[in-house]
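In listed order, ligands and their atoms are each counted from 1.
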Amino acid sequence: MEKLSNPQKTIEILQKYQFVFQKRFGQNFLIDPHVLEKIMAAAQIGPEDCVLEIGPGIGTMTQYLAERAARVVAVEIDEGLIPILQETLKDYGNVTLIRADILKVDIKELAQEYGGGRPFKVVANLPYYITTPIVMGLLEGDAPVESITVMVQKEVADRMQAGPGSKDYGALSLAVQYYADPYIAANVPPNCFIPRPNVGSAVIRLTRHAVPPVHVEDPALLFRIIRASFNQRRKTLVNSLNNSQELACTKEEAAQALEYLGLGPSVRGEALTLEEFAGIANYLSGHIGERTEADA
Ligand code: SAM
């Protein structure tokens with residue numbers, strides 16, 4: 001069967017099934033073979049790999065993955081796409097199609113069932129409306145995931161990769177970088193999709209760290225501190241930590257933590273590295289508690 005990356009073939013299939021795009025599922029299908037090749041190169045799929053594809057759509061990228069990997073597990077929420085996928089993937093015996101919402105799937109179980117004990121390489125052209133819950137769910141949980149190579153909104157890719165001092169730097173940058181090493185592999189314009197999205201896109205690869213790059217006693221506290229620091233971007237860190245609804249931290253405690261790390265009292269969260277946030281969390285761990293109803 002002719003590949004779906006040929007736009008004519010995509011149009012033919014869509015017409016044959018009279019497919020109606022569901023905006024609520026973030027459906028923008030890839031129609032550019034060069035972009036698909038770039039995604040494959042970034043994902044570094046080899047013949048031993050087990051791939052989890054989120055949202056196969058009509059199977060365009062699934063065909064590429066199936067030609068390279070040992071197995072592809074493709075999870076699609078839209079029931080209307082299943083008969084189409086059964087046709088477009090019929091020549092690929094190594095594809096398992098699952099009709100489900102990826103946010104409700106137990107990925108650990110999937111890996112056990114289909115991965116033969118190997119961690120997944122996740123590859124996807126993500127539905128943009130749930131990019132962050134999908135990516136953070138894959139990173140935070142105990143699912144065996146080695147790398148995540150995904151098409152996301154360009155702005156989100158920039159935020160994931162940003163470092164201190166950049167306007168894009170924030171809680172998402174730090175959360176992603178605690179778990180993984182981000183690398184933007186390609187920028188992708190709207191005309192590579194049908195229908196065209198009204199934002200630019202980028203392919204980003206997140207390679208999971210074997211161990212986090214910083215040691216923290218209490219990772220949950222680290223993330224509360226990070227969220228507090230960026231909730232009020234224009235405020236100093238001392239004020240942000242003191243004002244947070246999630247922390248019971250006085251201005252004095254916050255100032256002591258900064259002094260301990262050799263940071264000035266008027267520093268803002270956007271200037272701090274992950275290592276410095278980890279230092280603050282380790283200093284405050286034990287000094288402060290979680291904010292309770294009584295503190296509020
Ligand atoms: N992979 C295809 C491609 O590149 O042409 C389609 C990508 S499209 C941007 C996103 C896909 O994710 C759609 O097929 C959509 O139906 C599916 N999707 C949306 N929400 C989902 C969810 N919660 N779980 C699984 N799939 C979902």
| Is the closest basic N to carboxylate O distance between Arg68 and Glu37 below 4.0 Å? | yes
| said: Among all the protein's non-hydrogen atoms, which is closest to atom 20 (N) of ligand 1, and how far away is it? | reply: Tyr129 OH, 2.9 Å
| Hey, is Glu53 touching ligand 1 through its side chain, its backbone, both or neither, going by heavy atoms under 4.0 Å? | side chain
| Hey, what's the ring geometry for Tyr260 with Tyr283, parallel, tilted or perpendicular (30° and 60° as the breaks)? | tilted
| Which part of Ala124 is near ligand 1, with near meaning a heavy atom under 4.0 Å away: side chain, backbone, both or neither? | neither
| Which segment of Leu81 sits under 4.0 Å of ligand 1 when only heavy atoms are counted | side chain
| request: Ignoring angles and geometry beyond distance, decide whether Ile102 reaches within less than 3.5 Å of ligand 1 through its nitrogen or oxygen atoms. | output: yes
| said: Is it the case that the side chain of Glu146 and the backbone of Phe120 share a donor-acceptor pair, with hydrogens and angles ignored and the cut-off at 3.5 Å? | reply: no
| Would you call the rings of Tyr169 and Phe230 parallel, tilted or perpendicular if under 30° counts as parallel and over 60° as perpendicular? | perpendicular
| query | Got a sec, which residues hit salt bridge (Lys or Arg N to Asp or Glu O under 4.0 Å) with Asp32, two or more places apart in sequence or on another chain? | reply | none
| What residue and atom, counting heavy atoms only, is the protein's closest point to atom 4 (O) of ligand 1, and at what distance? | Asn125 ND2, 2.9 Å
| message | Among all the protein's non-hydrogen atoms, which is closest to atom 23 (N) of ligand 1, and how far away is it? | response | Asp101 OD1, 2.9 Å
| request: Could I get the full list of ring pair (Phe, Tyr, Trp, His ring centres under 6.0 Å) partners for Phe193, not counting sequence neighbours? | output: none
| request: Check Phe193 against ligand 1 and report side chain, backbone, both or neither, counting heavy atoms closer than 4.0 Å. | output: neither
